[in-house]
Amino acid sequence: MNNYYLSLGADHPDYPGYVRITAPTRDDARQLMEAHHGHDWTGCFETFDELDTHQRVQRDYLIFDNLTGEALTWTCHICKEKRPDSKIEVTQRTLLEADDAPVNNVRYCIDNDECQHCINAFIEQQGTGFTIPLFLGDMRKPTGLTVFLGVFFDAHHNRRSPFCGNHCPSA
């Protein structure tokens with residue numbers, strides 16, 4: 001993956017500035033730029049130093065996703081919108097007071113004040129449960145088990161078993 005710096009055209013609302021794109025090729029970078037910012041850009045450079053000095057304000061950052069051929073996106077846990085990687089931040093909260101306690105990652109929009117203010121409420125709404133990946137049988141197909149107050153709950157098979165580790169067999 002390479003970094004490309006695409007300068008915004010004078011008619012673009014974020015002018016002057018540039019969009020940094022991480023992509024395998026220059027053509028992939030141009031494709032992402034057009035998909036997210038239209039045709040209003042003036043140059044594609046391989047180094048930051050090639051940008052005009054008045055254009056050296058980063059306005060966006062896009063990452064090429066090799067699986068989809070589009071910009072890497074994440075879903076905000078708060079508003080449920082799918083957003084580009086550069087618009088999502090992650091906060092981590094431990095779920096139990098222990099040295100090796102599981103951590104809950106909460107994704108939220110960094111450009112949406114409502115999402116930022118709702119992080120604590122969202123975590124409290126989730127309760128004391130957290131999901132851990134557990135591989136039963138086929139290592140390519142994880143079964144999500146959710147722990148609630150000392151009980152494993154197998155969300156895929158909708159069955160419960162004791163916290164001691166006796167879990168439901170895979171179907």
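Reckoned from all heavy atoms, side chains included, excluding hydrogens, waters and symmetry mates.
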Under 3.5 Å, is there a donor-acceptor pair between the side chain of [X] and the main chain of [Y]?
X: Arg26; Y: Cys44; answer: yes
X: Thr91; Y: Val106; answer: no
X: Arg59; Y: Gly17; answer: no
X: Gln55; Y: Leu8; answer: yes
X: His36; Y: Leu32; answer: no
X: Asp85; Y: Leu72; answer: no

Quick check: do [X] and [Y] have side-chain heavy atoms less than 4.5 Å from each other?
X: Glu34; Y: Trp41; result: yes
X: Glu46; Y: Tyr4; result: yes
X: Val57; Y: Pro16; result: no
X: Pro24; Y: Met1; result: yes
X: Tyr108; Y: His77; result: no

Minimum heavy-atom distance between [X] and [Y], given as atom pair plus value:
X: Ala29; Y: Ile21; value: O-CD1, 3.3 Å
X: Gln116; Y: Asp111; value: NE2-N, 4.1 Å
X: Leu62; Y: Pro84; value: CD2-CB, 4.1 Å
X: Ile110; Y: Ser86; value: CD1-O, 3.2 Å
X: Cys109; Y: Arg83; value: SG-NH1, 3.2 Å
X: Tyr5; Y: Thr47; value: CD1-C, 3.6 Å

*asked:* Is the positively charged end of Arg56 above the ring of Phe48, judged by distance under 6.0 angstrom from the centroid and angle within 45° of the axis?
replied: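 Output yes; distance and angle both within limits.
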
*Just do the side chain to side chain donor-acceptor pair (under 3.5 Å) check on Asp60 and His37 with the steps written out, would you?*
CA-CA 10 Å; Asp60 200 0; His37 292 281; 2.9 Å; yes

To the nearest 0.5 Å, tell me how far [X] [atom1] sits from [Y] [atom2].
X: His54; Y: Ser7; atom1: NE2; atom2: OG; answer: 8.0 Å
X: His12; Y: His39; atom1: NE2; atom2: NE2; answer: 12.0 Å
X: Ile88; Y: Thr75; atom1: CD1; atom2: OG1; answer: 7.5 Å
X: Asn2; Y: Phe64; atom1: CG; atom2: CZ; answer: 12.0 Å
X: Cys118; Y: Asn112; atom1: SG; atom2: CG; answer: 8.5 Å
X: Asp65; Y: Thr22; atom1: CG; atom2: OG1; answer: 12.5 Å

_Tell me whether the count of non-hydrogen atoms from other residues, nucleotides or ligands lying under 6.0 Å of NZ in Lys82 goes above 12._
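No - once you tally the heavy atoms of other residues, nucleotides and ligands closer than 6.0 Å, there are 12 at most.
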
*Let me see the working for Gln58 and Tyr18 under side chain to side chain donor-acceptor pair (under 3.5 Å), right down to the final yes or no.*
CA-CA 5 Å; Gln58 184 170 316; Tyr18 72 95; 3.1 Å; yes

